[in-house]
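This report concerns only the one structure given below.
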Amino acid sequence: MKTLQDLFEHEIKDLYSAEKQLVEALPNMVKAASDQKLQKAFSDHLEETKEQYNRIHDICEELDINPTSTKCKAMEGLIKECDGMVKEDADADVKDAGLIACAQRVEHYEISGYGTAVRFAKQLGHDSIAKKLQQTLDQEYKADQHMDDLAQGRLNKEAMA
Ligand code: FE
Ligand code: ZN
Ligand code: FE
Ligand code: FE
């Protein structure tokens with residue numbers, strides 16, 4: 001790895017792997033959620049994540065890079081924590097609060113990754129790719145904010161009852 005371009009490609013491969021793993025993992029989160037709004041939030045974000053996977057796939061093609069040799073180990077770990085919560089034998093409201101906590105960790109990791117990737121893309125003059133990455137970044141911010149709203153609304157209150 002010699003140049004910023006090399007580092008950028010490394011980050012893109014990592015994000016590709018992260019989205020790929022999430023497309024497989026999110027259906028379990030949808031099934032595990034009890035609250036209707038939370039279930040919808042997870043399934044809506046699953047659809048967005050499929051879109052994001054296609055978007056990062058297209059970016060890889062545009063850059064002529066093969067992302068399949070890289071695995072994002074951080075996302076692998078975060079998903080393991082999500083799976084742990086999915087399998088947890090807990091009161092429904094408490095479990096929902098736990099699922100939100102896991103999901104927000106995932107979103108924060110993605111926000112960090114895409115934030116860096118957008119910056120590198122701009123620095124390297126990949127303007128159209130920067131715009132595509134920004135689209136995903138905006139969706140991750142919104143998903144995180146939506147989780148926040150759900151957690152601060154009735155879900156945390158119900159978990160205390
Ligand atoms: Fe994503
Ligand atoms: Zn990653
Ligand atoms: Fe990673
Ligand atoms: Fe996301």
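Hydrogens, waters and symmetry mates are skipped; everything else that's a heavy atom, side chains included, is used.
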Quiz item: In Å, rounded to the nearest 0.5 Å, how long is the span from OG1 of Thr116 to CD1 of Ile111?
Solution: 12.0 Å
Quiz prompt | From CD1 (Ile59) to CG (Asn54), nearest 0.5 Å | solution = 11.0 Å
Quiz prompt | CE-SG distance between Met85 and Cys102, expressed to the nearest 0.5 angstrom | solution = 4.5 Å
Quiz item: Looking at Lys2 and Asp6, does any basic side-chain N land under 4.0 Å from a carboxylate oxygen?
Solution: no
Quiz item: What distance separates Asp83 CG from Asn28 CG, expressed to the nearest 0.5 Å?
Solution: 6.0 Å
Quiz prompt | Residue among Gln135, Lys142, Gln134 satisfying side-chain hydrogen bond (donor to acceptor under 3.5 Å, both in side chains) with Asp138 | solution = Gln134
Quiz item: With the threshold set at 4.0 Å, does a side-chain nitrogen-carboxylate oxygen contact exist between Glu19 and Lys50?
Solution: no
Practice problem: Considering non-hydrogen atoms only, spot the tightest contact between Val86 and Leu99 and give its length. | Solution: CG2-CD2, 4.0 Å
Quiz item: When the ring planes of Tyr53 and Tyr16 are compared, do they come out parallel, tilted or perpendicular, using 30° and 60° as the limits?
Solution: tilted
Exercise. Work out which heavy atom in Ala25 is nearest to a heavy atom in Ile79; give both atom names and the distance.
Key: CB-CG2, 3.7 Å
Quiz item: Linking I/L/V/M/F/W/Y whenever any side-chain heavy atoms sit under 4.5 Å apart, do Val94 and Met29 land together?
Solution: no
Practice problem: Decide yes or no on side-chain contact (heavy atoms from CB on, under 4.5 Å) for Gln39 and Asp35, but give the supporting numbers first. | Solution: CA-CA 6 Å; Gln39 198 168 58; Asp35 181 85; over 6 Å; no
Exercise. Determine, stepwise, if the pair Gln5 / Glu9 fulfils side chain to side chain donor-acceptor pair (under 3.5 Å).
Key: CA-CA 6 Å; Gln5 177 69 26; Glu9 291 182 8; 2.8 Å; yes
Quiz item: So, Gln139 and Glu51: side-chain donor and acceptor under 3.5 Å apart, yes or no?
Solution: yes
Quiz prompt | Short side-chain donor-acceptor distance under 3.5 Å, His45 and Glu107 | solution = yes
Quiz item: If we only count heavy atoms from C-beta on, is the Met147 to Phe42 side-chain gap below 4.5 Å?
Solution: yes
Practice problem: Assess the pair Phe8 and His126: is the distance between their ring centroids shorter than 6.0 Å? | Solution: yes
Quiz item: Quick one: CG on Asp44 to NZ on Lys37, what's the gap to the nearest 0.5 Å?
Solution: 13.5 Å
Quiz item: Any sub-3.5 Å donor-acceptor pair from Ser17's side-chain atoms to Lys13's backbone N or O?
Solution: no
Quiz item: Can you tell me if Gln21 and Glu76 form a side-chain donor-acceptor pair at under 3.5 Å?
Solution: no
Quiz item: In this structure, are over 12 heavy atoms from other groups packed under 6.0 Å from Asn66 atom CG?
Solution: yes
Quiz item: Taking it one step at a time, do His108 and Glu140 satisfy side-chain contact (heavy atoms from CB on, under 4.5 Å)?
Solution: CA-CA 8 Å; His108 286 206; Glu140 310 295 20; over 6 Å; no
Practice problem: Using a cut-off of 6.0 Å, state whether more than 12 heavy atoms not belonging to Lys20 lie near its atom NZ. | Solution: no
Practice problem: Might you point out which heavy atoms bring Leu26 and Thr49 nearest each other, and give the distance in Å? | Solution: CD1-OG1, 3.5 Å
Exercise. Report yes if the side chains of Asp93 and Ser34 come closer than 4.5 Å at any heavy-atom pair, otherwise no.
Key: no
Self-check item: Passing option when Thr136 is tested against Arg55, Glu48, Gln52 for side-chain hydrogen bond (donor to acceptor under 3.5 Å, both in side chains)
Solution: Arg55
Practice problem: Examine the side chains of Asp149 and Gln145 and answer whether a donor and an acceptor come within less than 3.5 Å of each other. | Solution: yes
Quiz item: With a 4.5 Å heavy-atom cut-off, do Leu46 and Leu22 have their side chains touching?
Solution: no
Quiz prompt | Smallest separation among heavy atoms of Val106 and Cys82, with atom names | solution = CG2-SG, 4.1 Å
Quiz item: Donor-acceptor pair, Asp96 side chain versus Ala33 backbone, under 3.5 Å?
Solution: no
Self-check item: Heavy-atom closest contact (Val118 atom, Ala130 atom, distance)
Solution: CG2-O, 4.1 Å
Quiz prompt | Rounded distance (nearest 0.5 Å) linking atom CD1 of Ile56 with atom CD of Glu61 | solution = 12.0 Å
